[in-house]
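Along the sequence shown, the residues carry numbers beginning at 1. Remember, predicted model here, so these are calculated numbers, not experimental data.
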Amino acid sequence: MIIGSHVSFKKDAQLVGSVKEALSYGSTTFMFYTGAPQNTNRQTIDDNLTKEALKIMNENNIDINNVIVHAPYIINLASNNDFAVDFLKQELKRVEQLGMTKLVLHPGSSVKLSKEEGIKNIIDNLNKVGKSNVLILLETMAGKGTELGKTFEEIKEIIDGVNYPLGVCLDTCHINDAGYDLNDFDKVLDLFDKIIGLNYLKCIHVNDSKNVISAHKDRHENIGYGTIGFDNLINIIYHDKLKNIPKILETPYVSMDDNSKERMYPPYKFEIKMILNKKFNNNLINDIRNYYK
Ligand code: FE
Ligand code: FE
Ligand code: ZN
C-alpha cells in the first residue's frame with residue numbers, strides 16, 4: 001500500500017523534516033509544498049539536507065517516484081499573466097533539485113474570463129512553461145467559484161492542448177463536490193478511462209467531504225466522517241486498478257477540544273492505521289487528541 005499524507009517542509013530541516021514527519025505517521029510516501037501553500041515565497045533548497053533526506057527515504061523503502069510535490073494553489077494559469085508561468089518554471093527547477101519527479105497543479109480559475117478563454121490560457125501558459133523532467137499532474141477540482149478542471153472533459157482538453165506529456169491527480173473530495181457519485185466508483189473510473197485514460201492517473205488525494213455531491217464547495221473531512229464515507233473510500237484505496245498509485249491524505253487537522261476552532265493535531269497516523277486495518281474507528285477524534293495532548 002503506497003499511502004501517506006501532506007506533510008510540512010520547514011525552513012530548518014526542509015526535506016529531512018518532511019520525511020521524518022511522514023515516517024512518524026507510518027506512511028510509505030508523502031506530499032509536500034516547497035513553502036507555504038498559499039504564497040509564493042520560496043527559500044533556496046539546501047542540497048545537504050536533501051541528500052540526508054534521500055538517505056532516510058532509502059533506508060525506509062520510500063520510493064522517490066511515489067513522492068509528490070504540490071504547487072502553491074494561488075498561482076493561476078488561467079489568467080493572463082506571466083507571473084504564474086515564471087513561478088512554475090522556478091518551481092519545476094526546485095522540484096528537480098530535490099530529486100522529485102511529480103508536481104500536482106490546480107489548473108486555475110477563469111475568474112472574469114469565459115471557461116473557454118480560461119482553458120486556452122492554461123494550455124498556452126503550460127506550453128510557455130515547457131517540458132521538464134518533472135511530470136505535472138493536473139488535479140481534478142471541485143468547481144468552487146470559477147475553478148477549471150472540474151470535469152474529466154476539461155482536464156482532457158488541457159492535456160490535448162499541451163505539447164508535452166501531463167498526468168492527473170484525482171481528488172476524491174473534489175470529484176464528489178464536482179458531481180461524480182463515489183457510491184459507484186467503478187462507473188466513475190470507467191468514465192475517467194474513457195475520457196482521459198487510466199494511464200494518465202498518477203496520484204490520488206484521499207479525502208472525505210463535508211458537503212454533498214455536486215456542492216462545488218471543496219471542504220475536506222476526516223476519513224469516514226464525511227458524505228463519501230469510510231466504505232467508499234476503502235473501496236477506492238484498495239481498488240485493483242489503482243494498486244501502484246500513491247494515495248495521499250489531505251484531511252483536516254483536529255482541534256484540541258470541541259470548543260476550540262483551531263485545528264492543531266495531525267490526523268494522519270490514526271487515519272492511516274484505520275485504512276490499513278480496513279476498520280472504521282468511531283473514536284478517531286478522541287484518539288488523536290489523547291495521543292497529541
Ligand atoms: Fe490540491
Ligand atoms: Fe487535493
Ligand atoms: Zn481540496
I'd like to know if [X] and [Y] make a salt bridge, using a cut-off of under 4.0 Å between side-chain N and carboxylate O.
| X | Y | result |
| --- | --- | --- |
| Arg94 | Glu91 | yes |
| Glu154 | Lys150 | yes |
| Asp82 | Lys128 | yes |

Looking only at non-hydrogen atoms, find the nearest pair between [X] and [Y] and report the distance.
| X | Y | result |
| --- | --- | --- |
| Lys20 | Ile56 | CE-CD1, 4.0 Å |
| Asn281 | Tyr225 | O-OH, 2.7 Å |
| Val206 | Leu233 | CG1-CD2, 4.1 Å |

Specify whether [X] and [Y] have parallel, tilted or perpendicular ring planes, treating 30° as the upper limit for parallel and 60° as the lower limit for perpendicular.
| X | Y | value |
| --- | --- | --- |
| His239 | Phe185 | perpendicular |
| His70 | His106 | perpendicular |
| Phe270 | Tyr291 | perpendicular |

Any side-chain to backbone donor/acceptor pair from [X] onto [Y]? Under 3.5 Å, distance only.
| X | Y | value |
| --- | --- | --- |
| Glu147 | Lys144 | yes |
| Asp63 | Asn65 | yes |
| Asn277 | Lys279 | no |
| Asn76 | Gly108 | no |
| Tyr238 | Ile275 | yes |
| Glu221 | Ile228 | no |

| What's the verdict on side chain to side chain donor-acceptor pair (under 3.5 Å) for Glu96 and Asn133, showing C-alpha distance, side-chain angles and the deciding distance? | CA-CA 7 Å; Glu96 206 174 332; Asn133 293 322; 2.7 Å; yes
Practice item. Under the side chain to side chain donor-acceptor pair (under 3.5 Å) rule, what do Asn232 and Asn235 come out as? Steps first, then yes or no, please. Key: CA-CA 5 Å; Asn232 282 339; Asn235 178 39; 5.3 Å; no
For residues [X] and [Y], is any side-chain donor paired with an opposing acceptor at under 3.5 Å?
| X | Y | value |
| --- | --- | --- |
| Glu250 | Ser5 | no |
| Asn211 | Ser209 | no |
| Asp47 | Gln97 | yes |

Tell me whether Arg289 forms a cation-pi arrangement with Tyr253, defined as NZ or CZ under 6.0 Å from the six-membered ring centre and within 45 degrees of its axis.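 No, Arg289 does not lie over the aromatic ring of Tyr253.
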Derivation and outcome, side chain to side chain donor-acceptor pair (under 3.5 Å), residues Asn222 and Asp208
CA-CA 6 Å; Asn222 293 107; Asp208 217 324; over 6 Å; no
Please confirm whether the ring centroid of His174 lies under 6.0 Å from the ring centroid of His220. yes
Can the ring centres of His6 and Tyr33 be said to be less than 6.0 Å apart? yes
Please evaluate residues Ser114 and Glu117 with respect to the criterion side chain to side chain donor-acceptor pair (under 3.5 Å), reporting the C-alpha separation (whole Å), side-chain torsions for both, the decisive distance (0.1 Å), and the verdict. CA-CA 5 Å; Ser114 69; Glu117 288 171 312; 3.2 Å; yes
Run through [options] and flag the one making a side-chain contact (heavy atoms from CB on, under 4.5 Å) with [X].
| X | options | value |
| --- | --- | --- |
| Ser132 | Leu135, Ile136, Val134 | Val134 |
| Phe152 | Asp193, Val188, Val168 | Val188 |
| Ile159 | Ile123, Leu126, Ile196 | Ile196 |

* Should Val85 and Leu113 be counted in the same cluster of Ile, Leu, Val, Met, Phe, Trp and Tyr side chains packed under 4.5 Å apart? ->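 No.
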Does the pair Asp190 and Lys194 meet the rule for a salt bridge (charged side-chain N to carboxylate O under 4.0 Å, His left out), with working shown?
CA-CA 6 Å; Asp190 277 350; Lys194 225 174 271 163; over 6 Å; no
Q | Derivation and outcome, side-chain contact (heavy atoms from CB on, under 4.5 Å), residues Ser18 and Phe30 | A | CA-CA 8 Å; Ser18 310; Phe30 59 95; 4.0 Å; yes
Using a cut-off of 6.0 Å, state whether more than 12 heavy atoms not belonging to Lys217 lie near its atom NZ.
no
task: To the nearest 0.5 angstrom, please state how far the CZ atom of Arg219 sits from the NZ atom of Lys210.
output: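 One finds 5.5 Å between CZ of Arg219 and NZ of Lys210.
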